[in-house]
Visitor: 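Please find one structure pasted underneath; my questions will follow.
Because the structure is predicted, anything quoted here is derived from the model rather than measured. Side-chain atoms are counted along with the backbone in the values below, which use heavy atoms only and exclude waters and symmetry mates.
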Amino acid sequence: MEYVTRQMQTYRTGNRITDQFYIDDDYNVPDVKSDVKKVILGEGTLTVEDMKVVENYIRVSGKLNFKVLYVTDEGETRLSCLEGRIPFEEMIYIEQEPVGNLFVQSSSVDLTVTAIHSRKLSIKTLAELNVCSEGKHETELTTDIECGQSLYKRFESKEFLKVFAAMKDTYRIKEEVSIGGTKENIGTLLWTEVTSRKLDTRLEADELRIQGELLLFCFYESLDGKTDWIEQTVPYEGRIECYGAQDKMYHQIYPELVDVNIDVRMDEDGEMRLIGVEATLEVRLIVYEEERLEILADAYSLEQSCMPKIMEEQLERLLMQNHSKCKVTEQLSLPEIKDDILQICHSSARIQVEHTEAAEGGIQIEGVLHISFLYVKADDAIPFDTWQGMVPFSYLLESNETAANMTYGLTYAVEQLSIGLLGTDEIEIKAVLAFHSFLKEPVCIRNIREIEFTPFDMEEMERRPGITGYIVRDGDILWDLAKKYNTTVEGIMEVNELPSEEIKAGDRILIFKENMSIL
């Protein structure tokens with residue numbers, strides 16, 4: 001006897017674990033940096049260096065990377081910037097063992113920097129980590145059985161989502177931009193910020209095509225000490241190799257922009273008017289393909305008793321892959337800076353998703369958009385300052401098909417942001433948020449792992465009637481009746497002159513025992 005099997009590889013993710021913790025430390029200003037008079041702007045990111053399961057916890061260690069823009073405490077008002085790192089270690093409680101490898105799905109930092117005195121800063125951070133686990137799982141499905149005796153078999157056609165590839169790769173971004181003719185030559189970079197916008201990916205033959213843009217903001221001091229800034233989009237496109245991939249496949253991507261480096265370069269005229277932008281786009285890529293299989297669902301014989309040994313297996317099917325956008329518009333009154341704000345130099349935002357759940361028509365997303373902007377104010381002594389605030393949002397990510405037990409991968413990013421002045425104390429915030437989702441539903445399979453054959457109980461078989469009159473009930477199918485009464489589907493159809501296997505409740509049929517030799 002030979003079992004014909006097929007290997008199915010699935011990609012499984014564990015439950016997402018969200019952990020918030022505080023990093024509170026003092027930081028001494030390096031000797032090479034000027035004294036601090038006032039902090040203007042602070043920004044931080046987390047770098048996770050190691051994750052390890054220790055009993056019922058995940059031990060996460062890494063560094064908080066921060067940079068600070070401040071006004072120097074010197075005779076002449078000037079701006080300066082410093083960068084630093086603070087190590088951290090956090091123990092995250094887990095209720096069950098992770099499935100596969102751990103990875104950081106997303107992280108965010110709410111950083112507050114204040115000057116204790118001119119040579120020491122207080123760094124207070126509320127950090128959030130979303131940790132998940134992932135892994136491949138192989139399932140062996142029985143698609144047929146070959147043996148030397150007459151065996152009646154029933155097959156079911158099922159469509160599954162299987163993993164073609166799960167990989168990590170990087171794409172190096174190297175671009176160069178020139179500053180406008182009305183801008184001063186760059187002397188010293190004071191503050192730089194690079195964010196990823198409008199990232200679009202698509203599968204093609206043997207590769208993943210990447211297209212997007214970087215939003216570059218540079219705050220700088222000119223050669224004669226004047227403060228100026230530029231903000232410019234930097235488009236890029238490229239490819240990541242994925243051998244065997246086809247455009248009809250599906251993919252799920254988790255991108256992260258890291259290792260950003262900005263430097264000033266000389267143009268053809270020998271002036272410092274070029275800015276080099278280098279960054280690394282780290283990509284976790286999962287490629288899926290749909291496959292329809294004929295699965296052996298049941299089997300029986302008229303010569304001896306068959307006892308299939310069945311194991312419940314869980315696979316997945318694709319519900320939907322969705323790329324959608326949410327518009328957020330809000331007007332805010334800011335009486336605290338009513339007479340100060342003259343011009344907004346730069347704005348930034350990050351998304352904090354607080355709750356998601358499957359709802360009728362899609363996935364309901366509740367969250368907060370954290371907004372900050374750098375502005376020029378009417379103060380000759382300290383002409384720059386920042387404002388920070390929050391805007392709540394609610395969005396239904398629509399889906400044509402949803403299920404209560406579905407799983408979904410969700411990534412999101414701010415695609416567009418503009419903040420305009422409406423008056424002396426009012427601003428209007430307009431943002432476009434991009435959400436990418438991949439919806440899957442578990443599919444439970446009764447997989448026949450083995451069939452045990454035993455001789456019929458002849459006494460019991462003799463007691464069965466040769467002809468049975470039967471009234472069809474709800475849920476009955478000819479296969480089950482044929483197996484129960486030791487005959488064949490074709491035999492029942494022939495005796496009752498049925499044009500197809502379709503039967504309905506209330507139908508009256510005759511069933512003849514097929515193997516009459518045992519009577």
Side-chain angles (χ1 to χ4, degrees), residues 1-8 139-162 290-317 403 441-519:
M1 185 179 303
E2 182 179 350
Y3 295 92
V4 181
T5 61
R6 182 69 177 271
Q7 296 289 335
M8 289 291 293
T139 302
E140 187 177 67
L141 298 179
T142 302
T143 58
D144 203 353
I145 180 174
E146 298 176 357
C147 60
Q149 57 182 286
S150 176
L151 195 65
Y152 295 91
K153 296 173 284 190
R154 183 168 70 90
F155 298 91
E156 287 184 353
S157 179
K158 297 281 187 179
E159 192 168 62
F160 304 114
L161 192 66
K162 72 173 187 178
E290 286 183 308
E291 182 171 350
R292 182 168 290 277
L293 284 181
E294 295 285 329
I295 306 297
L296 181 63
D298 200 2
Y300 71 93
S301 172
L302 299 180
E303 300 172 1
Q304 55 184 321
S305 176
C306 298
M307 185 63 65
K309 293 184 179 180
I310 295 174
M311 180 174 290
E312 299 282 344
E313 304 283 1
Q314 184 168 296
L315 300 176
E316 293 176 316
R317 75 179 185 96
E441 181 185 26
V443 178
C444 190
I445 301 296
R446 289 168 52 85
N447 186 30
I448 296 177
R449 302 303 298 269
E450 186 181 350
I451 297 180
E452 183 179 329
F453 294 93
T454 57
F456 279 130
D457 183 341
M458 300 304 294
E459 293 182 1
E460 192 274 334
M461 293 298 294
E462 288 177 359
R463 288 194 294 269
R464 293 187 180 184
I467 302 174
T468 302
Y470 186 82
I471 301 176
V472 177
R473 304 171 184 174
D474 282 333
D476 282 342
I477 59 174
L478 287 186
W479 170 270
D480 291 339
L481 297 178
K483 182 179 178 181
K484 179 180 179 180
Y485 290 100
N486 202 53
T487 184
T488 65
V489 171
E490 292 78 8
I492 297 176
M493 292 177 64
E494 183 179 353
V495 168
N496 294 274
E497 297 182 350
L498 297 176
S500 70
E501 295 185 22
E502 296 294 326
I503 54 175
K504 61 182 184 297
D507 287 349
R508 298 172 182 270
I509 58 175
L510 290 176
I511 302 176
F512 284 49
K513 187 189 298 183
E514 186 78 15
N515 192 358
M516 302 299 289
S517 63
I518 66 173
L519 295 179

Visitor: If you apply the rule side chain to side chain contact (heavy atoms under 4.5 Å, CB included), what do you find for K484 with I511, and how did you get there?
Guide: CA-CA 10 Å; K484 179 180 179 180; I511 302 176; over 6 Å; no
Visitor: Between D507 and K504, is there a salt bridge with N-O shorter than 4.0 Å?
Guide: yes
Visitor: With a cut-off of 6.0 Å (strictly less than), are more than 12 heavy atoms of other residues, nucleotides or ligands near CD of E494?
Guide: no
Visitor: Are T139 and F160 side-chain neighbours, meaning at least one heavy-atom pair lies under 4.5 Å?
Guide: no
Visitor: When R508 is tested against each of V472, N496, I471 for side chain to side chain contact (heavy atoms under 4.5 Å, CB included), which residue passes?
Guide: I471
Visitor: May I ask you to say whether E313 pairs ionically with R449, meaning some side-chain N is under 4.0 Å from a carboxylate O?
Guide: yes
Visitor: Rounded to the nearest 0.5 Å, how far does CG of N447 lie from CD of E140?
Guide: 8.0 Å
Visitor: Do the non-hydrogen side-chain atoms of M307 and T454 ever get within less than 4.5 Å of each other?
Guide: no
Visitor: Verify the neighbour count for atom NZ of K153: are there more than 12 heavy atoms of other residues, nucleotides or ligands below 6.0 Å?
Guide: yes
Visitor: Might you point out which heavy atoms bring Q304 and F456 nearest each other, and give the distance in Å?
Guide: N-CE1, 3.3 Å
Visitor: Do the side chains of R154 and E156 get close enough for a salt bridge, i.e. N-O under 4.0 angstrom?
Guide: yes
Visitor: Test side chain to side chain contact (heavy atoms under 4.5 Å, CB included) on I448 and I145 and set out the steps.
Guide: CA-CA 10 Å; I448 296 177; I145 180 174; over 6 Å; no
Visitor: Working to the nearest 0.5 Å, report the span between NZ of K158 and CD1 of I445.
Guide: 5.0 Å
Visitor: Would you indicate whether the side-chain heavy atoms of C444 and Q314 approach each other to under 4.5 Å?
Guide: no
Visitor: Which distance, rounded to the nearest 0.5 Å, do you find between the CZ of R446 and the CD1 of I295?
Guide: 13.5 Å
Visitor: Within this structure, what is the OG1-NZ distance for the pair T142 and K309, rounded to the nearest 0.5 Å?
Guide: 13.0 Å
Visitor: Would you call the rings of Y300 and W479 parallel, tilted or perpendicular, where under 30° means parallel and over 60° means perpendicular?
Guide: perpendicular
Visitor: Would you compute the distance between atom OG1 of T5 and atom CG of L296 and round it to the nearest 0.5 angstrom?
Guide: 11.5 Å
Visitor: Less than 4.5 Å apart, side chain to side chain, heavy atoms only: is that true for F155 and T143?
Guide: no
Visitor: Kindly say whether R473 contributes a backbone atom to a donor-acceptor pair with the side chain of D476 at under 3.5 angstrom?
Guide: yes
Visitor: Given side chains that start at C-beta, do those of L302 and T488 come closer than 4.5 Å, heavy atoms only?
Guide: yes
Visitor: May I ask you to test the Y485-I492 pair for a side-chain heavy-atom distance under 4.5 Å?
Guide: no
Visitor: Is there side-chain contact between T487 and V495, with heavy atoms separated by less than 4.5 Å?
Guide: no
Visitor: Against E303, only a single residue in S301, S305, C306 fulfils side chain to side chain contact (heavy atoms under 4.5 Å, CB included); can you say which?
Guide: S301
Visitor: Show the nearest heavy-atom pair for residues D298 and P308, with the distance to one decimal.
Guide: OD1-CG, 4.0 Å
Visitor: Decide yes or no for Y470 and I503: does some side-chain heavy atom of the first lie under 4.5 Å from some side-chain heavy atom of the second?
Guide: no
Visitor: With rounding to the nearest 0.5 Å, note down the distance linking CE in M493 to CD in E502.
Guide: 10.0 Å
Visitor: Using a strict threshold of under 4.0 Å (side-chain N to carboxylate O), is an ion pair present between E441 and R317?
Guide: yes
Visitor: If you compare all heavy atoms of S157 against all heavy atoms of E294, which two are closest, and at what distance to 0.1 Å?
Guide: CB-OE2, 3.3 Å
